[in-house]
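Just so it is clear, the structure is predicted and the values come from calculations on it, not from any experiment. Just the heavy atoms: all of them, side chains too, but no hydrogens, waters or symmetry mates, feed the values below.
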Amino acid sequence: MTLRLSHRTAIAYSMLTLAAFAAPALAQDAMMAADPMNDMMMANDTAAMGSPMMSEGGKTIMITIENVLTGQPFSPSVVESHTGDAAPLFKLGDKASDPLVPVAEGGNIGMYSVMAAMNKDSTIGDAQLAIHTLPGQTRVLYVHVDEKHPLIDGVWMLGNTNDGFSGFTGVDGFSLTAPMTIDVRGYDAGSEKNSEKKGFLGALGGGNERDPENGVITYHTGIRGDADAPKEWNWDVNGPVAHVTFAPIQ
């Protein structure tokens, strides 16, 4: 099975990050119309993509994502538990994967959704989706882990960037016995130049054309504010963009 993501879909998600920042209620309605896969996402703050393939002795981890920024909404998030030998969703210094690029450039998590539903080689234990998270908001997801699928990864777009994203990898949820909070930073996927120009940065309106960079994943250097993107979208690039708390609940 081959999934081809249309550029129109990526544009829709990028445009919606700005709409979400300005009008959350309208943005939720618009996101449902932008992609039929959102029927799953919008049913609640989080929705399972099929029954988790858990063995005996598994547990549920409550994950709380807190957006600590003032000028960057988060796109819909995808979080999954997986085996120890599965590739992480991202790694500093590596080229962004095919599923990660549409997340970083347009907030489109559809390819991850399909991959989790197919679950080749049973490397994924559970996968969850959550709607966008505006500045100052939190989102809660519940992910199942077990001895075979102990690790948890997650990703989402920094909505007012060309190809910025954030997330976490390799959190050992199966070993958790008490809540744990980590700070996560902003990353640059290296897939598109940070032009910050209207027509290339979807949150500005006027389209979301690509300007490929062919780079690798690095820490994001923030919004310069010397083109069309306002400086108010910037953040302390040496600090966190989100606090993420993992709490075992069973």
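Proximity of a side-chain donor or acceptor of Asn67 to a complementary backbone N or O of Thr133 within less than 3.5 Å is detected. Counting only distance, with no hydrogens or angles, the side chain of Asp126 and the backbone of His144 share a donor-acceptor pair below 3.5 Å. A donor-acceptor pair under 3.5 Å is formed between the side chain of Asp163 and the backbone N or O of Glu192.
Of the inter-residue distances, the one linking Asn214 atom CG with Lys193 atom NZ reads 10.5 Å to the nearest 0.5 angstrom. Atom OG1 of residue Thr123 and atom CG of residue Leu151 lie 11.5 Å apart, to the nearest 0.5 angstrom.
Counting all heavy atoms, side chain and backbone alike, Ile65 lies closest to Val244 at CG1-CG1, 4.4 Å. Residues Pro135 and Pro73 share a closest heavy-atom pair of CD-CA, 3.9 Å. Residues Val145 and Gly173 share a closest heavy-atom pair of CG2-C, 3.9 Å. Looking at every heavy atom in both residues, Gly107 comes nearest to Ser75 through CA-CB, 3.6 Å.
Here His82 pairs with nothing under the ring pair (Phe, Tyr, Trp, His ring centres under 6.0 Å) rule; sequence neighbours left out. In this structure, the side-chain contact (heavy atoms from CB on, under 4.5 Å) partners of Asp228, at least two apart in sequence or on a different chain, are Lys197, Lys198, Leu204. The side-chain contact (heavy atoms from CB on, under 4.5 Å) check on Asp226 picks up Glu196, Arg224, with sequence neighbours excluded. Residues meeting the ring pair (Phe, Tyr, Trp, His ring centres under 6.0 Å) test with Phe90, sequence neighbours left out: Phe165, Tyr187. In this structure, the side-chain contact (heavy atoms from CB on, under 4.5 Å) partners of Pro99, at least two apart in sequence or on a different chain, are Ser97, Met111, Tyr112, Met115.
In this structure, Arg139 forms no cation-pi arrangement with Phe74, as its terminal cationic atom is not both closer than 6.0 Å to the ring centre and no more than 45° off the ring axis.
Aromatic ring centres of Trp156 and His132: separated by at least 6.0 Å.
Counting heavy atoms from C-beta outward, Phe200 and Arg210 have side chains that stay 4.5 Å or more apart. Taking 4.5 Å as the limit, some side-chain heavy atom of Leu129 sits within range of a side-chain heavy atom of Ile109. Within the 4.5 Å cutoff, no side-chain heavy atoms of Val103 are placed close to those of Asn108.
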Solution key, residues 177-184 side-chain donor-acceptor pairs under 3.5 Å, sequence neighbours excluded:
from	atom 1	to	atom 2	distance (Å)
Thr181	OG1	Thr245	OG1	2.8
Asp183	OD1	His243	ND1	2.5

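Met157 and Val216 sit in two unconnected hydrophobic clusters of ILVMFWY residues. Membership requires side-chain heavy atoms under 4.5 Å apart, directly or through other members.
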